Every structure is written in C-alpha cells, then in structure tokens.
Chemist: 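The structure follows.
Numbering of ligands and ligand atoms starts at 1, following listing order. None of these values were measured; they are calculated from a predicted model.
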Amino acid sequence: MTTAVRKSAPAQGRRSSVMNFEELIQALIWSPLLHELARAIPEKGPEGRPRKYPEAIVLMFGALARHHRSAAAAEAELFNDSAWQIVRHEWDRFQRATVANPADRVSLPSEGICWHHWKHARDTYLVNDTIIEELLKQFTATSIEMALELGYFDLEEGSLSHPSSTRSIYGDGTEVRSAYRCLARQVEVVDEDTGEVSIRLAAVEPSRPDVARAWIETDQVTGEIYALDAKSGKRLARLPLDREALMSNKYGEYQANQNIVTFHTRNDDASHSRMTLAIGMDESENTEADTAMRLLEQLAASPIGPAIQCVVYDKALRGVHLDRILTEFGYIPVVKVAAAPSTKAEKDARRAAGQEDKLKPKNLPLGSREHTLADGSVCKHLIYATNGQLVEMDWDERGALVQVSRLPVRRQVKKQARERGGRNWGWSVEYEVACPKSAFSFWFTPHSAYGEKETRIAENVRIFPEVHETVDPEFRRLAGRRNDSENSHSQYKETLRHKRSHTLGRNGMLLDALLFFAMENSKNWLRQIGWSKSVELQAS
Ligand SMILES: [Zn+2]
C-alpha cells in the first residue's frame with residue numbers, strides 16, 4: 001500500500017485539528033495542568049500499599065477516559081504496549097527536563113495503568129469533597145497562569161468602549177444527565193389496616209415517579225443506607241440510585257442530573273485558543289446564577305481579576321447579578337435583556353392566533369435630559385430603555401408616546417474606582433443626541449445608585465445593547481462567543497456514552513468534567529505556545 005506524500009509541511013495553524021495519540025500524550029504531560037492538579041492531592045499516609053503510579057498519570061488516565069469516551073476504551077488503548085511506551089518515553093523526557101537531580105526522577109512501571117487503578121483512586125479519595133474543592137481551585141489557578149503565558153488578559157489591549165476578546169470571559173451552564181435512572185423521592189404510604197399515613201423514601205424511575213422500585217432505609221445504629229425491594233421487602237445488595245447524591249441531599253429528588261457552569265476565554269483571531277478558566281456545579285436545582293456568580297467572585301479575586309473587561313453570559317443572569325458585576329467586580333455584562341413577563345391573556349391571544357410565544361420587549365422610562373439652546377430656551381428629551389438600548393420618546397400629533405427614529409449614540413464608557421460598602425466601581429456612559437435644534441450629549445449611570453437596592457436599571461440597560469447593531473456592533477462581536485461555551489459543553493457531552501454520565505455521584509461527575517477541560521486546556525496551550533517554548537517554561 002502506498003501513502004500519498006505531502007509535498008510540504010502544512011502551514012502552522014492550518015493542520016488537521018485532531019491530535020494523534022502521541023501529540024495528545026505530549027500535551028497532557030508537557031502542560032503544567034495535570035502536574036499542578038496532582039500536587040493538590042494530599043500525599044498518601046503510611047498505611048496500605050504505596051500508590052503504583054504518580055497522581056499525574058492517574059489523572060491522565062481519567063482524561064484519556066474522556067478522550068476515548070470510556071475508561072474501558074482508554075484501558076484498551078494503553079494495553080497496547082507501544083501506546084504505553086509513548087507515555088513512558090514522554091514522562092522520562094519530562095522528568096529529565098524538569099527534575100535536576102537524577103536520583104529524584106520518578107520512572108513509570110513497565111505495565112500500563114489500568115481502569116481499576118483509576119477507579120480505585122477516583123472512588124477512594126479523588127471524589128472526596130475537600131479534594132474536589134482543591135482540584136477545582138488548582139484548575140483555575142493553573143489555567144489562569146497558562147492563559148497569561150499565552151498573552152491573554154494583557155492590560156494594554158482593548159478599551160472599555162471596544163473591549164479586547166482576550167480580556168473578556170464568557171460562560172454558560174449545561175445539564176449533564178446521569179445514565180442512572182433512579183431518583184430518591186418521598187412517597188406517602190397508607191397502611192391498609194389502620195389507615196395511617198407515613199412518609200417513606202423510595203427509589204423511583206423518573207417516568208413513573210409514583211411507583212416505588214425500592215424503599216431506602218437508614219440503619220439507626222450504623223447510619224448505613226440500604227435498599228429494600230418494594231415488592232418482596234428483601235434487602236438489596238446494591239442501592240438502585242446514586243448514594244452520594246442521596247447523602248449530600250443537595251439536589252432534591254432530581255439529583256441524578258447535575259448542572260455544570262464553566263467560564264472561558266479565547267483569542268478570536270486564532271483557532272483552538274479557548275482556555276477554560278473555572279468550573280462549578282449547582283448546589284441545588286435552578287441555582288445556575290448563584291454558581292456563575294460564585295465562579296465570577298473567584299475569577300475577580302484572581303491575578304486576571306483587574307484585567308477582565310466584560311462578562312458574556314445568557315439571560316440566567318438578571319438585574320441583581322448584573323448590578324453586582326458592574327459595581328462590585330467592575331466588568332461590563334454582555335447579556336441579552338430578558339423579555340418582559342407576558343400576562344396569561346396576552347399569551348393565550350398569541351397562541352389562539354397561531355403565533356409563536358414572541359417575547360415582549362422591555363421598556364423602562366429613564367426621565368428626561370435637557371439642553372439649553374443658543375436663544376436661552378431649554379429643549380427636553382424623554383429617554384427610555386428598550387431592549388437594553390437607550391431611545392428617545394416623543395408625543396406624536398395624536399398624543400401617543402412613540403419612539404423617535406434617531407437613537408442616542410454611545411460615545412465614551414468610563415469606570416471610576418469608588419470603594420464604599422462592598423461596591424467598588426461606578427460607571428458612566430456618554431450618549432450623544434442629534435437633536436435637530438442642536439446636538440448635545442449627556443452622561444448616564446447604567447446601574448443602581450449607591451445604597452439603593454433597586455436593580456431595574458441594570459436589568460433594563462446594556463452598555464452594549466443587542467439591538468441596532470449598525471449603531472453599536474459590540475454586542476454581536478462579544479456575545480457571539482457565548483456559542484463557543486455551548487460548543488465546549490457539547491464537546492464534553494460527546495465524550496459521554498449516549499451523552500449521559502456513567503459516573504456515580506456529583507463529585508465524580510464534576511471530576512470527569514474537570515479532567516475533560518484540563519485535557520482541552522492542555523491541548524490548546526501546547527498548540528498555541530508551541531513545543532519548544534513549553535519545554536523552556538517547564539524546565540525553568
Ligand atoms: Zn434638543
């Protein structure tokens with residue numbers, strides 16, 4: 001068989017986006033991420049057998065399980081002797097480059113790491129609450145360092161009126177569904193003889209939430225949770241549902257699915273440049289905004305905190321969050337305006353007319369702005385916010401309030417440090433109005449006043465509004481990146497068989513996501529920074 005010979009090496013950046021196994025191993029071993037994550041895992045105590053593989057290699061297996069879409073497939077790949085030799089070879093090269101004293105270098109066993117090594121590490125210590133917490137913190141700290149090495153978050157780039165792509169962060173939440181179908185649910189049980197009603201905890205299937213498959217009991221003495229078959233009453237050998245989620249009691253009865261939130265940045269001018277900066281999971285149902293705010297708090301306090309210019313997110317963030325992003329963190333939210341709530345009658349009327357449930361734009365009166373003309377008279381303009389955009393309203397000849405076709409045009413965006421009671425920043429935006437009598441401009445504060453709980457302005461006004469992109473193209477340029485966080489989530493879910501997590505428990509699901517994003521960051525970092533620079537950085 002002959003293979004076509006390429007006449008010349010493909011230009012950098014235009015090569016195939018898929019890494020081969022050797023390149024993937026290089027990325028995982030030469031990026032600092034797995035090594036730094038490994039350092040966050042406490043050393044093993046004196047009891048028991050010593051760990052056979054370095055933690056970074058154990059974590060590498062977890063990442064490869066995502067790459068190959070299952071731990072079994074990762075094991076099959078590494079069972080191939082040449083694949084394991086690639087890992088050992090890169091590991092030795094890495095040790096020689098980074099560990100000066102030969103006596104301190106660790107070499108890998110000749111037998112490849114197997115599924116059971118990974119499973120043991122994951123189930124015995126990696127899913128521990130404290131360790132997961134540490135791993136997530138370390139992931140953020142190291143990913144930020146890597147982003148800085150790539151030149152992201154450069155204070156010289158961009159301005160508040162035209163933020164740089166590498167100084168904006170974007171995020172999204174996604175629900176990861178579990179392959180395990182049973183949920184825990186409180187069920188009312190009526191005693192047929194006495195008529196007495198009691199509440200029992202049952203394992204149920206989501207499609208039949210009223211049928212108990214098994215009863216979940218807790219041993220009063222040992223605290224052990226066990227299951228009884230609902231028909232026979234016999235004790236089952238295994239729990240038919242997720243023990244950890246049940247015990248954490250965090251996710252209510254629908255604990256089988258978990259919502260993951262991530263924040264990223266990238267360089268819009270380069271492919272494969274996305275760096276994931278933070279990963280979190282909702283504490284309970286419908287708390288995505290809280291998770292996002294928690295991650296933002298963490299990023300704001302990190303070395304890139306002062307360099308971030310804007311935060312791109314979806315409508316899960318509302319006025320109360322946007323006000324905080326502006327005044328506490330000092331970032332510009334790039335978020336669509338949520339539609340005004342429709343009344344039931346409006347919804348019914350639309351449905352009856354066969355129209356889709358079209359959203360009603362939000363309107364907020366912002367008072368009037370006036371300017372003095374040359375003859376000393378005062379000219380007044382009525383300002384409203386519609387869909388995030390500042391507009392002028394005026395009375396027409398029939399006495400109805402209508403929007404004036406010309407729009408106030410955004411000019412400067414200013415941010416002033418203002419440390420007072422948890423509020424660090426004040427913003428003002430200059431708008432120019434092309435009044436036919438004489439053009440004038442005014443300043444507007446796009447958030448609540450100090451000491452005010454009112455978040456209606458942050459809810460209704462956007463520094464970069466979605467509409468009228470001919471007037472203001474910033475929204476489209478920046479918000480387009482939100483699709484990329486959706487892409488990253490769907491890429492992650494592609495690594496789960498049938499797009500469902502086969503890992504039990506909240507922490508296990510979080511660990512899978514963490515290692516997937518660690519692998520993606522490692523690949524993109526190596527692609528962007530280049531091989532020789534990575535060796536230089538790691539050796540220093
Ligand atoms: Zn005027």
Chemist: CD of E133: more than 12 outside heavy atoms within 6.0 angstrom?
Modeler: no
Chemist: Do M293 and F329 come within less than 4.5 Å of each other through their side chains, counting heavy atoms only?
Modeler: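 Yes, their side chains come closer than 4.5 Å.
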Chemist: Applying side chain to side chain donor-acceptor pair (under 3.5 Å), can you list everything that pairs with R462, at least two apart in sequence or on another chain?
Modeler: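 Not a single residue meets the side chain to side chain donor-acceptor pair (under 3.5 Å) criterion with R462.
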Chemist: Once salt bridge (Lys or Arg N to Asp or Glu O under 4.0 Å) is applied, what residue pairs with a partner in residues 429-446 remain, sequence neighbours excluded?
Modeler: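 Found R411-E432.
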Chemist: Check which protein N, O or S atoms are less than 2.8 Å from the Zn ion (ligand 1) and report how many there are.
Modeler: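 Atoms of protein N, O or S type lying less than 2.8 Å from the Zn ion (ligand 1) total 4.
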Chemist: Could you check, using the six-membered ring where one of them is a Trp, whether H381 and F440 have ring centers closer than 6.0 angstrom?
Modeler: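 Between H381 and F440, the centre distance is under 6.0 Å.
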Chemist: Quick one: side chain to side chain contact (heavy atoms under 4.5 Å, CB included) partners of S490, sequence neighbours excluded?
Modeler: none
